[in-house]
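The next block holds one structure in the form of structure tokens; read it before the comments.
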Protein chains: 2
Amino acid sequence: MTLSTSHRQPLAEEVTAKLRAMIHSGEWQLDQRIPAEPELMAGLGVSRGTLREAIKALAHSGMLEVRRGDGTYVRATSEISGAARRMYQDHTDEHILEVRLGLDTQAARLAARNATADDVTALRAVLAEREVAWHAADFEAWARADWAFHARVAQATGNPLLHELYVSFGDVFHQDLLKQQRKGRMDGLTYEGHGALVDAIEAHDADAAVASVNQNLNSCAEWLRA
Amino acid sequence: MTLSTSHRQPLAEEVTAKLRAMIHSGEWQLDQRIPAEPELMAGLGVSRGTLREAIKALAHSGMLEVRRGDGTYVRATSEISGAARRMYQDHTDEHILEVRLGLDTQAARLAARNATADDVTALRAVLAEREVAWHAADFEAWARADWAFHARVAQATGNPLLHELYVSFGDVFHQDLLKQQRKGRMDGLTYEGHGALVDAIEAHDADAAVASVNQNLNSCAEWLRA
DNA sequence: TAGACATCAAACGTCTGATGTCTAAGCTGG
DNA sequence: CCAGCTTAGACATCAGACGTTTGATGTCTA
């Protein structure tokens with residue numbers, strides 16, 4: 001804590017926090033339109049200007065999209081994923097994948113070092129969900145479970161920052177997966193490999209975990225280039 | 001502009017962009033107080049509400065700090081470094097270092113694959129600066145050169161996203177290094193190692209580059225724990 | 001003279017009301 | 001059934017006023 005903020009928090013900040021909480025808690029779902037300004041004014045007991053400052057702040061960070069004449073929509077569930085959205089806009093899939101590979105590798109290494117038995121159990125459970133969705137050809141459920149697996153690995157590292165990054169980037173990556181599917185090029189290339197990763201984590205074998213991730217994502221990179 | 005803005009961009013967005021440009025261009029320096037709202041209103045030709053929305057957006061992203069009764073100050077030079085500032089506030093040095101290790105490793109691997117002769121030349125130049133600063137006991141210059149080296153490695157990867165991340169996080173990491181120095185525990189542990197990394201990059205030896213980074217940052221991690 | 005206190009101007013925080021502009025949906029006539 | 005028009009609702013912007021906080025200045029006292 002560098003600055004001792006003796007000055008009390010402005011009202012607009014509180015309102016921003018409340019709106020963020022509404023989104024994060026899921027009360028306002030993704031892509032849903034939130035109530036109009038007058039209604040929110042009444043509900044929160046603040047003036048238009050204050051409310052608009054709060055909304056604009058969240059809009060600027062990418063969580064909300066304000067459509068003039070229409071309404072305001074939830075576009076992301078956290079600030080970081082808002083940044084991720086812009087990231088996706090400005091960079092190619094391959095470059096993003098390279099950065100992800102760096103994080104995935106490190107996550108695998110740390111998870112192998114720090115994962116508990118509960119972590120391993122949870123990982124296998126998510127993997128089972130993923131398999132069920134695969135066989136049911138429910139692509140959306142599969143993508144969700146796939147990302148949940150990666151996020152769970154990050155959680156198993158015991159590094160909250162890494163976990164936060166994965167959770168926050170989740171909906172953007174998820175959306176990207178869906179986009180890939182629309183290209184009609186989703187064969188089962190990442191179907192295997194995750195099981196080996198869990199085995200390596202359970203055995204606390206960091207090298208094997210890293211190797212598993214490398215193999216998995218390298219093939220994914222080739223697939224992107226194809 | 002990637003998104004087809006069928007709807008015209010709101011005025012407040014334009015103002016936000018102008019303010020951001022003022023900061024990014026260096027016209028408003030770090031920690032400097034920007035002109036008061038009435039003055040900006042006149043200069044930009046917008047009403048106070050519109051101006052305040054723009055300011056608040058930047059404040060929320062961490063670039064500006066608005067101090068009631070005093071004025072508004074520049075606190076970061078980009079949105080990402082604003083996010084980095086908050087990241088530093090919420091997580092321990094060790095966890096941040098773990099994430100950085102993941103990125104540094106990947107940067108080294110990709111730089112070894114993609115670096116050009118010019119990249120290598122530039123890297124050696126930065127390293128020379130760093131050494132000069134070290135012998136001159138100019139810690140600030142050393143920290144700046146050290147980070148410039150890492151950023152240059154990221155640039156050599158040919159991955160603009162990775163480069164952007166390093167550049168944007170620069171001032172925050174730089175500040176962190178200075179904080180470490182204040183703890184009075186800055187011995188020359190990272191003095192060596194970077195030379196070996198450049199050699200590996202020049203030889204396009206990815207494994208050696210990764211090994212160099214691992215050794216370097218692992219010792220750094222131990223130093224943090226000490 | 002040095003420190004504590006009172007005062008003031010500047011700057012941001014918030015509220016209110018009015019008006020402009022855009023969007024999506026409903027209506028209408030063919 | 002559809003194309004074009006109309007309209008209600010929603011956000012965008014402006015203007016003015018007043019409240020609250022802060023930093024600086026001046027003044028008084030020990």
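Predicted, not measured: the structure shown is a model, and the values here were computed from it. In what follows, chains carry the letters A, B, and so on, assigned in the order in which the sequence lines appear, proteins first and then strands, with residues in each chain numbered from 1.
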Next on the checklist: Measure CG/A:Leu11 against C1'/C:dC15 and give the value in whole Å, please.
Outcome noted: 11 Å
Checklist entry - Which whole-number value in Å describes the distance from A:Tyr73 OH to D:dG9 C1'? => result 12 Å
Checklist entry - So, is A:Thr72 near the phosphate of D:dC11, with a side-chain N or O under 4.0 Å from OP1 or OP2? => result yes
Next on the checklist: Looking at C:dA11, I'd like to know if its phosphate oxygens (OP1 or OP2) sit under 4.0 Å from a side-chain N or O belonging to B:Arg67.
Outcome noted: no
Item to check | Passing option when A:Thr116 is tested against A:Asp119, A:Asp118, A:Asn114 for side chain to side chain donor-acceptor pair (under 3.5 Å) | outcome: A:Asp119
Next on the checklist: One thing to verify: whether A:Lys56 and B:Glu13 come together as a salt bridge, which I'm taking to mean a side-chain N less than 4.0 angstrom from a carboxylate O.
Outcome noted: yes
Checklist entry - Would B:Glu37 and B:Arg52 pass as an ion pair if we require N to O under 4.0 Å? => result yes
Checklist entry - Okay, side chain of B:Gln29, backbone of B:Gly26: is any donor-acceptor separation there less than 3.5 Å? => result yes
Checklist entry - With a 4.0 Å cut-off on heavy atoms, is B:Gly49 in touch with a base, just the backbone sugar-phosphate, or nothing at all? => result nothing
Item to check | Residue-phosphate contact under 4.0 Å: A:Arg52 side-chain N/O, D:dA12 OP1/OP2 | outcome: yes
Next on the checklist: Rounded to whole Å, please give me the gap between CD in A:Glu53 and P in C:dC15.
Outcome noted: 10 Å
Checklist outcome for this item: Here the distance between atom P of D:dG9 and atom CG of A:Asp70, to the nearest Å, is 14 Å
Checklist outcome for this item: Of D:dC11, D:dT20, D:dC14, the nucleotide closest to the side chain of A:Glu37 is D:dC11
Next on the checklist: What is the separation between atom CG on B:Leu51 and atom P on D:dT13, rounded to the nearest whole Å?
Outcome noted: 12 Å
Checklist entry - Would you say A:Leu103 and B:Val99 make side-chain contact, with heavy atoms under 4.5 Å? => result yes
Checklist outcome for this item: Sorted by position of nearest nucleotide on DNA chain C, 5' first, the leading residue of A:Gly69 and B:Pro38 is B:Pro38
Next on the checklist: Which nucleotide wins on minimum distance to the side chain of B:Arg48, given the candidates D:dA17, C:dC15, D:dG19?
Outcome noted: D:dA17
Item to check | Spacing between A:Arg33 atom CZ and D:dA10 atom P, to the nearest angstrom | outcome: 7 Å
Checklist entry - Rounded to the Å, how far apart are B:Lys56 NZ and C:dA11 P? => result 18 Å
Checklist entry - Taking any strand in view, what nucleotide pairs with D:dT25 in a Watson-Crick or G-U wobble way, both distances under 3.5 Å? => result C:dA6
Next on the checklist: Pairing check on D:dA30: which nucleotide meets the Watson-Crick or G-U wobble criteria with it, both distances under 3.5 Å?
Outcome noted: C:dT1
Next on the checklist: From CD of A:Glu39 over to P of D:dG9, roughly how many Å is that when rounded to an integer?
Outcome noted: 13 Å
Item to check | C:dC15 phosphate, OP1 or OP2, under 4.0 Å from A:Thr50 side-chain N/O | outcome: yes
